[in-house]
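Working notes, beginning with the structure itself.
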2 protein chains.
Amino acid sequence: MARLKTRVTSFDVAKLAGVSQPAVSRAFTPGASITKEKRDRILAAAKELNYVPNVFASNLSSNRSNMVAVISGNLNNPFYSETLQVFVESIQRTNRQVLAFSVQDGRDSDDVMMQAMRYPIDGLVVTSAQMSSELVKLSEGLGIPVVMFNRRVEGSELSGVQCDNFEGSAILGRLMNAAGARRILIVRGDPQGSTSIDRVQGFRSAFDGIAGIEIEEVDGESSYSGARNAMIRRFGGPGPRFPDAIFAVNDIMAIGCADALNENFGLKIPDDIMLAGFDGIREGQRAPYSLTTVRQPVERMVSETLELLQAAPENLKGAEAQKRVIPGDLIPGHTIPGMGRWAR
Amino acid sequence: MARLKTRVTSFDVAKLAGVSQPAVSRAFTPGASITKEKRDRILAAAKELNYVPNVFASNLSSNRSNMVAVISGNLNNPFYSETLQVFVESIQRTNRQVLAFSVQDGRDSDDVMMQAMRYPIDGLVVTSAQMSSELVKLSEGLGIPVVMFNRRVEGSELSGVQCDNFEGSAILGRLMNAAGARRILIVRGDPQGSTSIDRVQGFRSAFDGIAGIEIEEVDGESSYSGARNAMIRRFGGPGPRFPDAIFAVNDIMAIGCADALNENFGLKIPDDIMLAGFDGIREGQRAPYSLTTVRQPVERMVSETLELLQAAPENLKGAEAQKRVIPGDLIPGHTIPGMGRWAR
DNA sequence: GAAAGATGTGAATGCGTATTCAAGCCAACG
DNA sequence: CGTTGGCTTGAATACGCATTCACATCTTTC
């Protein structure tokens, strides 16, 4: 609650430069009608006084804002921290600012979003969190465009951008099937999260109608350690029967599985057991893993999200809600055998 | 430049609730003097109208702000993305907001900081970027407290929090020396960056006055791929002579080295070559690496940074500048042999 | 029961800027 | 030379809320 020092105002600069206050405002507004000579004089005076326009006052007066709020969840997942990074860079590139919020998994994101909406923001991006219908109503009332990132939205009243989780996972499923997977373990993420649900369903769809398939599911808690512990718990007992294949609904869990299988059970991937993830995070691509996965095209997803934010709020909700589903890119990797033909 | 919809104001709520505008303000101010009954009536009216106080107007009027700007560089390094995450969570916990900026390595951070200072922010945290003396002057003029994170500051006119890079690296050097390292390769980061410089010097200090030591340095560009490529470039020729030990000044580069040595040259760590990094990022601790490193205590560094931000700006500069140097924690790992006695 | 205090309230004002508007200026034009 | 039109300019005002201050209401005290 720091009390701000009395700032140098545009009046002070105006006085020093011998002009009026609006002139100062114009000097700082690109394209405003003002003589170059006068502008230079004003800018010199401003520099001398260490003056910079107060954004709050400016926003209040002009009734516009250049801030986009980004609410991220689960920043422990490198995919989301990469996403945040791309958002920051993209938004900054368009001369806007990022108001960053973080929501602990499953915590009251409503509070955080409420905080965000007290700012006259240009838009709100929500990654991996739910939004109560009450908040949707509020955002409507405030005229704030909202776009859900990588979240299928219940009731479909909100706009969103997401990767084609179903089809991407289906592709992985088909590859595993072709590679001979029969006994399969799926490592789920958040059981409520649409991402995990869609990926599980997509993956399972690849095995529909195929005889002799056993599919089991365990909870990996969307995290490295969650998945790792799930492996240890599941296979730690006496004489475990290992599956042929493991599909983790995200890469960070796949990596957790790989480490546990290697270190705790001495299994080789893909010789003893095949593995796939989803997301395409950097660490999964590195030599020790070379994970077979589907990459979410983050750059494109982010740019489409920002594009949607330009739309009027009323065009982002209800019947007008825009759903953009972007196909993922298969990364062959080396954790499913027989993928030589995919290599470039 | 979205024009904001005309918002519901406190006057609207006041009218609906049959009270005055100040009453509405008080209803939203914790601890303000107002009857519970009246507050409830006002809150009900606010909810009905979808009213939330406009933070900009509120800040402008009360002359205080609850935003802290965080300028991050090099978010590709997991250490910095973890740091950003900790900042966001810590700041949010104290009911303040984070204005996030990103600076590409070596790019004009001045522009970005100037942007940040147009907000009446409570404080500015700068990670891995320089600050021109002009900007320092500006921040002084604006009365904005500035704290450098993990950056030794030239001329020492600014406050900062950093890990004890010199001593931490010296410890690693001594361990390698004890383990028999004689021919050593140091993988540098940004040659201008204080972090890299201090770590190199600290590490070298462990070998002062010891005969028969050869130390070579290569540039790893502070990144995974930079370090990896440096390895390939350095050892890719015919009949390379490998060193006994490699010290990468950060973990992400150490991981890059490990992958290259393993995959491209078939070397085993630590049997063929020992390795150490710095930072203590999560991925370095995982099974395939078990990197010996020094962990920067991020939580503590962040909390001390935020503590410093509370101080009056004039107490953070010049002679009053506060330097907090926090010791790192050795993580034994398995990439230097003979560290059994360190294991708990 | 009156005086002193504690508390709740609204009218008015200030925060620092952008915007409107009418007036001023100059050049080019007929 | 008078006029039209474009470009600059400053006075006044709006933006939405917090705060101050004086007043009204209620409670406590002897």
Side-chain angles (χ1 to χ4, degrees), chain A residues 1-42 45-46 49-66 117-121 141-143, chain B residues 1-42 45-46 49-66 117-121 141-143:
Chain A
M1 283 300 195
R3 179 152 230 106
L4 270 50
K5 196 168 153 183
T6 308
R7 292 171 75 110
V8 179
T9 75
S10 53
F11 282 96
D12 301 323
V13 176
K15 192 188 298 175
L16 178 60
V19 296
S20 70
Q21 177 270 325
V24 178
S25 170
R26 283 189 267 260
F28 280 91
T29 306
S33 128
I34 187 173
T35 326
K36 179 177 183 328
E37 176 192 70
K38 180 168 289 195
R39 157 173 278 145
D40 289 346
R41 189 150 41 99
I42 293 174
L49 294 178
N50 282 327
Y51 168 82
V52 285
N54 181 331
V55 182
F56 281 3
S58 157
N59 286 346
L60 179 61
S61 170
S62 66
N63 201 27
R64 76 175 89 243
S65 140
N66 290 309
M117 296 210 218
R118 297 183 50 163
Y119 290 77
I121 48 181
L142 294 174
Chain B
M1 285 298 194
R3 179 154 227 105
L4 269 49
K5 198 167 152 183
T6 307
R7 292 172 74 109
V8 179
T9 76
S10 54
F11 282 95
D12 301 323
V13 177
K15 192 188 298 175
L16 179 60
V19 297
S20 70
Q21 176 271 325
V24 178
S25 170
R26 283 190 268 261
F28 279 92
T29 306
S33 113
I34 187 173
T35 324
K36 179 176 184 326
E37 174 192 73
K38 180 168 288 195
R39 157 172 279 147
D40 289 345
R41 189 150 42 99
I42 293 174
L49 295 177
N50 282 326
Y51 168 83
V52 286
N54 180 332
V55 182
F56 282 3
S58 153
N59 286 344
L60 182 59
S61 167
S62 65
N63 201 28
R64 71 176 89 241
S65 142
N66 289 310
M117 296 208 221
R118 295 185 49 165
Y119 289 77
I121 47 181
L142 295 175

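So you know, we letter chains A, B, ... as the sequences are listed, proteins then strands, and number each from 1. Computed over heavy atoms, backbone and side chain alike; hydrogens, waters and symmetry mates excluded.
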Exercise. Classify the nucleic acid contact of B:I34 as base, sugar-phosphate or nothing, counting any heavy atom under 4.0 Å across all strands shown.
Key: sugar-phosphate

Quiz item: Mind checking whether A:N50 and B:L142 have side chains closer than 4.5 Å, heavy atoms only?
Solution: no

Exercise. Side chain of B:S62 only, please: which of D:dA18, C:dT19, C:dA18 is the nearest?
Key: D:dA18

Practice problem: Measure from the side-chain N and O atoms of B:R41 to the backbone N and O of B:A17, and report whether any donor-acceptor pair falls under 3.5 Å. | Solution: yes

Self-check item: Side-chain (B:D40) to main-chain (B:E37) donor-acceptor, under 3.5 angstrom
Solution: no

Exercise. Report yes if at least one side-chain N or O of A:R39 is closer than 4.0 Å to OP1 or OP2 of D:dT9; otherwise report no.
Key: no

Quiz item: Residues two or more places apart in sequence or in another chain: which of them pass side-chain hydrogen bond (donor to acceptor under 3.5 Å, both in side chains) with A:Y119?
Solution: B:Q97

Exercise. Measure from the side-chain heavy atoms of A:P22 and tell me the nearest of C:dG10, C:dT17, C:dT19.
Key: C:dT19

Practice problem: Strictly below 4.0 Å, heavy-atom distances to any atom of DNA chain C: list the hits from residues 9-19 of chain B, or just say none. | Solution: none

Quiz item: Under 4.0 Å between a side-chain N or O of B:S33 and OP1 or OP2 of C:dT9?
Solution: no

Quiz item: Does A:K38 place a side-chain N or O at less than 4.0 Å from the phosphate oxygens OP1/OP2 of D:dT8?
Solution: no

Exercise. Answer yes or no: does a side-chain N or O of A:S25 lie under 4.0 Å from OP1 or OP2 of D:dG10?
Key: no

Exercise. Name the closest nucleotide to the A:L60 side chain, picking from D:dG16, C:dA18, C:dT17.
Key: D:dG16

Practice problem: Give one of base, sugar-phosphate or nothing for B:Y51, where a contact means two heavy atoms less than 4.0 Å apart. | Solution: sugar-phosphate

Practice problem: Might you point out which heavy atoms bring B:V52 and A:M117 nearest each other, and give the distance in Å? | Solution: CG2-O, 3.7 Å

Quiz item: Is the backbone N or O of A:T35 less than 3.5 Å from a side-chain atom of A:R26, with the two atoms forming a donor-acceptor pair by type?
Solution: no

Quiz item: Can you tell me how far P of C:dA18 sits from CG of A:N54, to the nearest Å?
Solution: 9 Å

Self-check item: For B:F56 against A:P120, the heavy-atom pair lying closest together
Solution: CD2-CG, 3.5 Å

Quiz item: Rounded to whole angstrom units, what separation is found between the CD1 atom of A:I42 and the C1' atom of D:dT9?
Solution: 11 Å

Quiz item: Closest approach of A:A45 and A:L16, non-hydrogen atoms and distance?
Solution: CB-CD2, 3.7 Å

Self-check item: Under 3.5 Å: donor-acceptor pair, side chain of A:S61, backbone of A:A57
Solution: no

Quiz item: Is B:S58 touching bases, backbone alone, or none of the nucleic acid, heavy atoms closer than 4.0 Å?
Solution: sugar-phosphate

Quiz item: Nearest 0.5 Å, what's the CG-OG1 distance between B:L49 and B:T9?
Solution: 9.5 Å

Exercise. Would you mind reading off the bend of the helix from C:dG1-D:dC30 to C:dG30-D:dC1 from its two end axes, five pairs each, to 10 degrees?
Key: 30°

Practice problem: Rounded off to whole Å, could you give me the CZ-to-C1' distance for the B:R41 and C:dT9 pair? | Solution: 12 Å

Exercise. Send over the distance from B:Y119 OH to C:dG16 P, rounded to a whole Å.
Key: 18 Å

Practice problem: Give the nucleotide from the list C:dG16, D:dA12, C:dG8 with an atom nearest to the side chain of A:Q21. | Solution: D:dA12

Quiz item: Which whole-number value in Å describes the distance from B:R26 CZ to C:dT7 P?
Solution: 15 Å

Exercise. Starting at atom CG of B:N59, determine the distance to atom P of D:dA18, rounded to an integer number of angstrom.
Key: 9 Å

Quiz item: Tell me: CG of A:N63 to C1' of D:dG16, nearest whole Å?
Solution: 10 Å

Quiz item: With respect to the phosphate group of D:dA18, does any side-chain polar atom (N or O) of B:S61 fall under 4.0 Å of OP1 or OP2?
Solution: no

